[in-house]
Engineer: 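Attaching a single structure in structure tokens format; questions to follow.
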Amino acid sequence: MKILILNGSPKQNSSTLVLTWEFMKGVNENNEHQIESVNIVEKKINYCQGCLSCWIRQDGHCVIQDDMNGLLDRMAESDMIVWSFPLYEYGVPGPLKTLLDRTNPFLKMRMYSDGKRFFHDTVVDLPKKRMLLSVAVVSHILRITLHH
Ligand SMILES: Cc1cc2nc3c(=O)[nH]c(=O)nc-3n(C[C@H](O)[C@H](O)[C@H](O)COP(=O)(O)O)c2cc1C
């Protein structure tokens, strides 16, 4: 599998990332996976400007010319995404939230319903990918693995 670790900690030496890599060593003990990581804070990712041009383009990319289109490609190509981040005020650190906002090009404007809920059509169906959340807080380490 192609596994992409997104390190959302703004700290230089993220404790969360250390734990994430230890976990990934176990995941990759047979050396069968290709794992790479990205430090989100080192990337130039501007705020989503809410223009929704991505819903007109429908090509999985954004009109803003910064590092996000490259990251969208890498996320789209990955079989599994590992979200590694510390809890900040019971949410995600700002740079990671900015990245999440900028994943809107993976959605299409058109929506459908299963009778209970509404869903967007997708260019890239991010929730269908395997995901691992690696979250560190002050005194607890939470590991939640979501499998599809
Ligand atoms: C601005 C800020 C907000 C934080 N908010 C929370 C929080 O809401 N809940 C919590 O348990 N820990 C919180 N913490 C503690 C971090 O989650 C904790 O220090 C974490 O282990 C740091 O991980 P890192 O080394 O990967 O950056 C906060 C830390 C900072 C700097």
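The structure presented is a predicted model; accordingly, all values stated were derived computationally and were not measured. Both counts, for ligands and for their atoms, begin at 1 and track the order of listing.
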Engineer: Strictly below 4.0 Å, N to O, side chains only: are Arg74 and Glu77 in salt-bridge contact?
Structural biologist: no
Engineer: Sort out for me which residue in Ser15, Ser84, Ser9, Ser37 forms a side-chain hydrogen bond (donor to acceptor under 3.5 Å, both in side chains) with Thr20.
Structural biologist: Ser84
Engineer: Would you mind finding which of Leu87, Val18, Val135 brings a heavy atom closest to atom 16 (C) of ligand 1?
Structural biologist: Leu87
Engineer: What atoms of ligand 1 come within less than 4.0 Å of a heavy atom belonging to Tyr90?
Structural biologist: 7 (C), 8 (O)
Engineer: Rounded to the nearest 0.5 Å, how far apart are CG of Leu132 and CD1 of Ile3?
Structural biologist: 9.0 Å
Engineer: Ser9 heavy atoms, cut-off 4.0 Å: which ligand 1 atoms fall inside?
Structural biologist: 24 (P), 26 (O), 27 (O)
Engineer: Would you say the side chain of Lys43 lies within less than 4.5 Å of the side chain of Leu99, judging by non-hydrogen atoms?
Structural biologist: no
Engineer: Measure Ser14 to ligand 1 on non-hydrogen atoms and call it side chain, backbone, both or neither using the 4.0 Å cut-off.
Structural biologist: both
Engineer: Report the part of Lys11 (side chain from C-beta onward, or backbone N, CA, C, O) that has a heavy atom under 4.0 Å from ligand 1; answer both or neither where that applies.
Structural biologist: side chain
Engineer: Does Lys44 come within less than 4.0 Å of Asp66, counting only side-chain N to carboxylate O?
Structural biologist: no
